[in-house]
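First the proteins, then the strands, lettered A, B, ... as listed; each starts at 1.
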There are 2 protein chains.
Amino acid sequence: MTDKKQQLIQTALHLFYTKGAGQVGINEIISTSGVAKKTLYAYFASKDDLILACLRERHDVFMAWLCDELEGANDIKSTYFQLFSALDKWFNCQVPSLAQFRGCFFINTAAEFQEYNPDITAYCAYHKNQVKALLNRHLQGGSQHELERLFTLSEGAIVSAFMLKNSDIAKSFLR
Amino acid sequence: MTDKKQQLIQTALHLFYTKGAGQVGINEIISTSGVAKKTLYAYFASKDDLILACLRERHDVFMAWLCDELEGANDIKSTYFQLFSALDKWFNCQVPSLAQFRGCFFINTAAEFQEYNPDITAYCAYHKNQVKALLNRHLQGGSQHELERLFTLSEGAIVSAFMLKNSDIAKSFLR
DNA sequence: ATGTAGGTAGACAGAGTGGTCTACTTAAGA
DNA sequence: TCTTAAGTAGACCACTCTGTCTACCTACAT
């Protein structure tokens, strides 16, 4: 992975996440990153291709963080507690690696692209399934119902925190 | 409210909801509705103004439907049951007035516009607060915690149903 | 009969888009 | 020293977008 390629992904991810992928043009990514347009198109076939790379990057960072936060959780109670403690930190911008909280990058991006680019929405769905699978691994022997409930509640918390600018919503599930 | 104005709102709402507001141009709304561009700009100051009118229209329709579905619910149990029964119908496209399920129009639109137009995101937040207030009226004397939980779970269900194309998710909360 | 309100059709301006291409620069290895 | 790879700057193309404007067309009330 070249220096310039990573530089582009980092810059683009930051801009896409904070403004929405549709609101950010190639030229803005160019000028912000200080990388030439030709170089961008040497590494990425198209803007959509760059968006996909950003989704993958975000997925890796997010999963690494969440894995870490859930470490040691091995039943419904501890998983529930550690999950919402983690979300609370995220919502309150105490996780540098996730950048300033702007909702879920995957939900936001999927909402923007809908049917327009199936690869993008498919990757967003993949991400959510991976999160769900991770939770499942911690709910050792828990019921499918418990998993569904925990996952759905966390999705709702992310959306609510973003839309209602209620960064303390995760706290209300910690008691 | 003129005939043409309503016609524009209905057409635009349909296109915005199914494709995403950013993916739909004025010209598409014009040609689909059969109304002249000049007429559109006689009723709406801008595209954003039209989007706001669509959000208001959707809000009215959605709230009328939800009010109806929750009628008679007067405690946590009945509200919970009636809410997820309603969501299940919505997800499975059994509610003609809400059109084919495409996630929450307000979440999707807020995700697209983020900080770009504060009026739009503010209206999306307003909608969610109205839904929350409606739920609260049915949880007579219920705790704040119960309300938060119910609302958050329903938000999560809407997002999951859309992203994971899992239209039966609401059913898993009905047992 | 004529003026007016409300409409249509569509050309047009101005800005912005993604993406391509040429010409130039730099650094390193043979 | 010469070649090659990687990068820069930015002009440029073809296209799309919102929004404006002119010219024309009814229907109807005075």
Side-chain angles (χ1 to χ4, degrees), chain A residues 1-57 108-109 111-121 123, chain B residues 1-55 108-109 111-121 123:
Chain A
M1 189 80 75
T2 324
D3 203 33
K4 297 284 167 184
K5 189 172 183 182
Q6 260 304 311
Q7 205 173 324
L8 281 165
I9 291 176
Q10 294 303 330
T11 306
L13 175 54
H14 175 253
L15 290 170
F16 288 156
Y17 182 48
T18 56
K19 297 183 170 191
Q23 310 286 337
V24 180
I26 289 292
N27 294 309
E28 188 177 356
I29 297 167
I30 297 306
S31 62
T32 306
S33 66
V35 173
K37 197 183 271 195
K38 188 112 205 242
T39 307
L40 188 154
Y41 281 101
Y43 288 116
F44 305 98
S46 63
K47 185 187 176 185
D48 282 9
D49 193 27
L50 177 57
I51 293 173
L52 268 169
C54 290
L55 288 169
R56 276 190 280 268
E57 170 72 15
N108 296 348
T109 305
E112 272 195 82
F113 284 83
Q114 305 215 122
E115 299 292 89
Y116 160 71
N117 184 331
D119 290 348
I120 289 178
T121 47
Y123 192 87
Chain B
M1 189 82 75
T2 325
D3 201 34
K4 296 283 167 185
K5 190 173 183 180
Q6 260 305 310
Q7 205 173 323
L8 281 165
I9 291 176
Q10 294 303 331
T11 306
L13 175 55
H14 175 253
L15 290 171
F16 287 157
Y17 182 49
T18 55
K19 297 183 170 191
Q23 310 287 338
V24 179
I26 289 293
N27 294 311
E28 189 177 354
I29 297 167
I30 297 309
S31 61
T32 306
S33 65
V35 173
K37 197 183 273 195
K38 189 115 204 241
T39 307
L40 187 155
Y41 282 101
Y43 288 117
F44 304 98
S46 63
K47 185 186 176 184
D48 283 9
D49 193 27
L50 175 57
I51 292 173
L52 267 170
C54 289
L55 288 169
N108 295 349
T109 306
E112 273 195 82
F113 284 84
Q114 305 215 112
E115 300 291 89
Y116 160 71
N117 184 331
D119 290 349
I120 288 177
T121 47
Y123 192 87

In whole angstroms, how far is the [atom2] atom of [N] from the [atom1] atom of [X]?
| X | N | atom1 | atom2 | result |
| --- | --- | --- | --- | --- |
| Glu28(A) | dT17(C) | CD | P | 8 Å |
| Leu15(B) | dC17(D) | CG | P | 13 Å |
| Asp3(A) | dA27(C) | CG | P | 15 Å |
| Gln7(B) | dG6(C) | CD | C1' | 14 Å |
| Lys38(B) | dA11(C) | NZ | P | 16 Å |
| Leu8(B) | dG6(C) | CG | P | 15 Å |
| Lys37(B) | dA23(D) | NZ | C1' | 16 Å |
| Asn27(A) | dC12(D) | CG | C1' | 12 Å |

Distance (rounded to the nearest 0.5 Å) between [X] [atom1] and [Y] [atom2]:
| X | Y | atom1 | atom2 | value |
| --- | --- | --- | --- | --- |
| Thr18(B) | Glu115(A) | OG1 | CD | 9.5 Å |
| Thr11(B) | Phe16(B) | OG1 | CZ | 10.5 Å |
| Gln10(A) | Ser33(A) | CD | OG | 11.5 Å |
| Leu13(B) | Leu55(B) | CG | CG | 8.5 Å |

Quiz prompt | DNA chain C contacts among residues 39-49 of chain B, heavy-atom distance under 4.0 Å | solution =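 Residues of residues 39-49 of chain B under 4.0 Å from DNA chain C: Thr39(B), Tyr43(B).
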Self-check item: Thr32(A) side chain to Ile29(A) backbone, donor-acceptor under 3.5 Å
Solution: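 No; judged by distance alone, with no hydrogens or angles, the pair does not exist.
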Quiz prompt | Polar side-chain atom of Glu112(B) near backbone of Gly20(A) as donor-acceptor pair, under 3.5 Å | solution =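 Checking the backbone N and O of Gly20(A) against the side chain of Glu112(B), no donor-acceptor pair under 3.5 Å is found.
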Exercise. Would you kindly check whether a donor in the side chain of Lys4(A) faces an acceptor in the base of dG7(D), or vice versa, at under 3.5 angstrom?
Key: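 Side chain to base: no pair below 3.5 Å.
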